[in-house]
Amino acid sequence: MNHIETYLPHRPPFLFVDDAYIEGETIIATHTFHDDDWFFKGHFPSFPIVPGVLLVESMAQAGGVGAKLMGIYPKSLFMFAKIKEARFKRPVRPGDTLKMEILNVRASSVFLHQKGVGKVGDEIAVEAEWISISSGVPE
């Protein structure tokens, strides 16, 4: 997909979706983390890894794109209301491509409950479940 920015309000350097599409009921998205991404300088200089919160953010952004591709448009900007659970199973490093598979648990124009998994190759890096709500702030 081209033009991810038409589906998300996020902009670099805080945009963590390169491509997204729908496969059945699953949102599939990818993002490649690059050596020069801003957070690697301090997290951690001798062994750079993507912060776990940014992995969850990546999946939520992918879920937002996917919801719109499925015809679910928020009344206003969606924001996290709750991160129900997150598990980190392997580090994501510079040069890794995170493939995200997201499912809608419940979705409407004011409430988005999603869960997903992020993989590097065939290995699960992160699993998470979250709720986003319409904020009242125009998108």
Side-chain angles (χ1 to χ4, degrees):
M1 163 192 289
N2 299 328
H3 312 299
I4 287 294
E5 291 181 6
T6 62
Y7 293 92
L8 284 177
H10 304 77
R11 295 294 176 262
F14 212 79
L15 179 62
F16 301 113
V17 178
D18 298 331
D19 188 34
Y21 59 94
I22 304 302
E23 193 172 273
E25 296 295 314
T26 304
I27 301 159
I28 308 292
T30 59
H31 180 69
T32 300
F33 292 94
H34 301 283
D35 292 348
D36 61 349
D37 283 334
W38 56 274
F39 44 83
F40 286 132
K41 289 184 220 171
H43 196 268
F44 302 100
S46 62
F47 188 76
I49 62 172
V50 179
V53 295
L54 294 183
L55 296 175
V56 176
E57 174 68 25
S58 300
M59 294 197 319
Q61 287 184 18
V65 172
K68 288 181 179 176
L69 291 173
M70 292 175 161
I72 303 162
Y73 285 89
K75 287 190 174 187
S76 59
L77 187 67
F78 272 136
M79 293 184 182
F80 276 130
K82 183 176 190 176
I83 297 173
K84 293 185 75 162
E85 185 173 13
R87 294 181 188 262
F88 306 99
K89 305 214 174 207
R90 81 174 295 285
V92 177
R93 311 239 21 245
D96 285 346
T97 296
L98 185 69
K99 181 178 180 183
M100 299 165 275
E101 300 173 6
I102 312 299
L103 294 171
N104 292 323
V105 176
R106 183 173 164 222
S108 74
S109 63
V110 295
F111 182 88
L112 196 54
H113 179 179
Q114 296 177 313
K115 64 182 179 179
V117 63
K119 296 178 180 178
V120 175
D122 292 331
E123 290 183 77
I124 294 174
V126 58
E127 297 173 309
E129 185 173 349
W130 61 94
I131 295 172
S132 300
I133 58 170
S134 185
S135 66
V137 175
E139 190 170 303

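Since the structure is predicted, the reported quantities are computational estimates derived from the model, not experimental observations.
- The aromatic rings of F14 and H10 sit parallel, their planes meeting at an angle under 30°, below the 60° perpendicular limit.
- Hydrophobic clustering (ILVMFWY, side-chain heavy atoms < 4.5 Å, transitive): F39 and L98 are in one cluster.
- Remark: R93 fails to qualify as a cation-pi partner of F40 under the 6.0 Å distance and 45° angle criteria applied to the six-membered ring.
- A125 and V120 make their closest contact through CB-CG2, 4.4 Å (heavy atoms, listed as atom of the first residue, atom of the second, distance).
- Distance OG/S134 to CG/L77: 8.0 Å, rounded to 0.5 Å.
- Both Y7 and F80 are part of a single hydrophobic cluster, where members link through side-chain heavy atoms under 4.5 Å apart.
- A donor-acceptor contact shorter than 3.5 Å is absent between the side chain of E129 and the backbone of K84.
- To the nearest 0.5 angstrom, K115 atom NZ is 12.5 Å from E101 atom CD.
- Using a 4.5 Å heavy-atom threshold, the side chains of K68 and P74 count as touching.
- Contact record, A62 with I102: CB-CG1, 4.2 Å, taken as the closest heavy-atom pair.
- For the pair L112/N104, a side-chain contact is recorded, criterion being any heavy-atom separation below 4.5 Å from C-beta on.
- R11 contributes a side-chain N or O that, together with a main-chain N or O of E5, makes up a donor-acceptor pair within less than 3.5 Å.
- Rounding to the nearest 0.5 Å gives a distance of 12.0 Å between OH of Y73 and CZ of F78.
- The main-chain N or O of V50 is never found under 3.5 Å from a side-chain atom of H43 such that the two would form a donor-acceptor pair.
- Rounded to the nearest 0.5 Å, atoms CH2 (W130) and CD (E85) are 12.0 Å apart.
- No side-chain heavy atom of I49 sits under 4.5 Å from any side-chain heavy atom of F33.
- Using a 4.5 Å heavy-atom threshold, the side chains of I27 and Q114 count as touching.
- By the rule that hydrophobic residues join a cluster once side-chain heavy atoms approach within less than 4.5 Å of another member, V117 and F88 end up as members of separate clusters.
- By the rule that hydrophobic residues join a cluster once side-chain heavy atoms approach within less than 4.5 Å of another member, M59 and L103 end up as members of separate clusters.
- Distance NZ/K119 to CZ/R90: 12.5 Å, rounded to 0.5 Å.
- Following chains of ILVMFWY side-chain contacts shorter than 4.5 Å, one can reach V17 starting from W38, so the two form part of one hydrophobic cluster.
- Closest heavy-atom contact between A128 and V56: CB-CG2, 4.2 Å.
- We find that K89 and E123 are not joined by a salt bridge, their nearest charged nitrogen and carboxylate oxygen being 4.0 Å or further apart.
- The two residues A107 and I72 come nearest to each other via the heavy atoms CB-CD1, 3.6 Å.
- Between T26 and I28 the shortest heavy-atom distance is CG2-CD1, 3.6 Å.
- Judged by distance alone, the side chain of D18 and the main-chain N or O of T32 form a donor-acceptor pair under 3.5 Å.
- One distance of note links CD1 of I131 with CZ of R106; it measures 9.0 Å at 0.5 Å rounding.
- Taking both residues in full, the closest heavy atoms of V65 and A20 are given as CG1-CB, 3.6 Å, listed atom of the first, atom of the second, then distance.
- Side-chain contact between H31 and L54 is absent, with no heavy-atom pair separated by less than 4.5 Å.
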